[in-house]
Number of protein chains: 2
Amino acid sequence: MNNVDIPSKTAGAATDLPVLAAGFAALAHPARLRILCHLARRDACCCREIVDTFELAQSTVSQHLKVLVDAGLVHYRPENRRSRYMVDREAVARLEEQVSTFLSCCHV
Amino acid sequence: MNNVDIPSKTAGAATDLPVLAAGFAALAHPARLRILCHLARRDACCCREIVDTFELAQSTVSQHLKVLVDAGLVHYRPENRRSRYMVDREAVARLEEQVSTFLSCCHV
DNA sequence: GTTATTCATCGTACATCGACGATAAACGAT
DNA sequence: ATCGTTTATCGTCGATGTACGATGAATAAC
């Protein structure tokens, strides 16, 4: 019911719509897009650096980061003082693939 | 501030992050993904047909359709009795392009 | 030990979402 | 004219999102 067969080149990859929708939701805020983009430029960031970069309270940034981490798009490792956030590039690539597959099926 | 320069092949296409985030938001619900997919299969649909297809109240479907229309992904023309909903395939293609551009910039 | 820094989490306040039923308008059919 | 169908919109209710300040824990520096 929540799966869609997609005529893709990658054989038999059905798309799980709730999962895909969750991915979209994680990206549905400009601040998170900016954060993700910022993370992608550097290799790793601590929360503080992002707070300094954007004009947001530290708690707000922490929340946005959590959303990205929960969505699996960002890696998180608590380090000594600063925590280490890193784009999970494979996950982003995977999401891009899924999004592309889904959207191209909608404009063939 | 909300624009990101992306090293894309398509020259000079800066991405407007609030706009992109709005696109993501429109797709951030499984029901809307299913509706969009359904619309893409048929050429055009009335609201009723979608109501019959999915187990949702008519008002709910109408709301979801409105979101898709407001996001510019679906065309809307009120016809005699039934209204006519149609995927705007160019808009979807455009969004796919923007998403791809943004996401690939995040996993280079 | 004390202090400063960094961070996650909690609580709060407000806005928005998502579902539904009810309703009214438009229209075809009788 | 009346009835049934289709649809958009309104109101409501609970859940979720978004922002912030406050707080406490961990740790580096002194």
Side-chain angles (χ1 to χ4, degrees), chain A residues 1-2 17-39 42 44-86, chain B residues 1-2 17-39 42-87:
Chain A
M1 178 56 112
N2 279 323
L17 295 188
V19 168
L20 187 55
F24 282 128
L27 298 172
H29 196 288
R32 285 198 291 274
L33 295 184
R34 281 189 278 155
I35 290 174
L36 190 64
C37 202
H38 182 80
L39 282 174
R42 340 261 145 160
C45 273
C46 64
C47 176
R48 180 61 211 254
E49 192 202 318
I50 298 174
V51 172
D52 288 339
T53 305
F54 307 109
E55 289 177 354
L56 287 172
Q58 179 264 326
S59 52
T60 306
V61 170
S62 199
Q63 259 183 327
H64 281 309
L65 284 169
K66 185 169 160 48
V67 172
L68 292 172
V69 169
D70 286 348
L73 298 176
V74 168
H75 253 296
Y76 166 60
R77 171 148 35 109
E79 226 151 72
N80 296 336
R81 268 219 285 184
R82 357 198 110 201
S83 41
R84 186 181 179 77
Y85 289 96
M86 246 173 85
Chain B
M1 179 53 115
N2 279 323
L17 294 189
V19 168
L20 187 55
F24 282 129
L27 298 173
H29 196 287
R32 286 197 289 276
L33 296 184
R34 280 188 278 155
I35 290 174
L36 190 65
C37 203
H38 182 81
L39 283 174
R42 340 259 146 160
D43 203 51
C45 275
C46 64
C47 177
R48 181 61 211 257
E49 191 203 318
I50 300 174
V51 171
D52 288 339
T53 305
F54 307 109
E55 289 177 353
L56 287 172
Q58 179 266 327
S59 54
T60 305
V61 170
S62 198
Q63 257 183 328
H64 282 308
L65 283 168
K66 186 168 159 51
V67 172
L68 292 171
V69 169
D70 287 348
L73 298 176
V74 167
H75 253 296
Y76 166 60
R77 171 150 37 108
E79 226 150 73
N80 295 338
R81 269 219 286 185
R82 356 198 109 199
S83 41
R84 185 180 179 79
Y85 289 96
M86 246 173 85
V87 173

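Below, chains carry the letters A, B, ... as their sequence lines are ordered, and counting in each starts from 1.
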Determine, step by step, whether L68(B) and V87(B) satisfy the side-chain contact (heavy atoms from CB on, under 4.5 Å) criterion, reporting the C-alpha distance in whole Å, the side-chain angles of both residues, the deciding distance to 0.1 Å, and the verdict.
CA-CA 9 Å; L68(B) 292 171; V87(B) 173; over 6 Å; no
Worked check of salt bridge (charged side-chain N to carboxylate O under 4.0 Å, His left out) between E49(B) and R82(B)
CA-CA 10 Å; E49(B) 191 203 318; R82(B) 356 198 109 199; over 6 Å; no
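For the pair R84(A) CZ and dA8(C) P, the interatomic distance rounds to 14 Å; values are reported in whole Å. Atom OH of Y76(A) is separated from atom C1' of dT6(C) by 11 Å (rounded to the nearest Å). Rounded to an integer number of Å, the gap from CG of D52(A) to C1' of dT5(C) is 12 Å. Rounding to whole angstrom units, CD1 of residue I35(A) and C1' of dA19(D) are separated by 13 Å. Whole-Å rounding puts the F54(B) CZ to dA19(C) P distance at 13 Å. For the pair D70(B) CG and dT16(C) P, the interatomic distance rounds to 14 Å; values are reported in whole Å. With rounding to whole Å, F24(A) atom CZ is found 17 Å from dG17(D) atom P. Rounded to an integer number of Å, the gap from E49(B) CD to dT5(D) P is 18 Å.
Taking every side-chain heavy atom of R81(A) into account, dA4(C) is the closest of dT7(D), dA4(C), dA8(C). For R82(A), whose side chain is taken as the heavy atoms from C-beta onward, the closest listed nucleotide among dT7(D), dC7(C), dG28(C) is dC7(C).
For the segment residues 56-65 of chain A, residues with any heavy atom less than 4.0 angstrom from an atom of DNA chain C are, sorted by number, Q58(A), S59(A), S62(A).
Annotation: of the two residues near DNA chain D, V67(A) and V51(B), the 5′-most nearest-nucleotide partner is V51(B). Between K66(B) and H29(A), the residue anchored closer to the 5' end of DNA chain D is K66(B), taking for each the nucleotide with the nearest heavy atom. DNA chain C is contacted by both A28(B) and Y85(A); Y85(A) maps to the nucleotide lying nearer its 5′ end (nearest heavy atom per residue).
Among the atoms of the strands shown, only primed sugar atoms or phosphate atoms (P, OP1, OP2) are found under 4.0 Å from some heavy atom of R32(A).
The distance from the CD1 atom of I35(B) to the SG atom of C47(B) is 8.5 Å, given to the nearest 0.5 Å. In this structure, NE2 on H38(A) lies 14.5 Å from CG on L33(A), to the nearest 0.5 angstrom.
Salt bridge R77(B)/E79(B): present, at least one basic N to carboxylate O contact under 4.0 Å.
Put simply, N80(A) has no side-chain N or O that comes within less than 4.0 Å of OP1 or OP2 on dT6(C).
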Which donor-acceptor pairs under 3.5 Å do side chains of residues 22-30 of chain A form with protein atoms, sequence neighbours excluded?
| residue | atom | partner | partner atom | Å |
| --- | --- | --- | --- | --- |
| H29(A) | ND1 | A31(A) | N | 3.1 |

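Identified under the salt bridge (charged side-chain N to carboxylate O under 4.0 Å, His left out) test for residues 62-74 of chain B, with sequence neighbours left out: K66(B)-D70(B).
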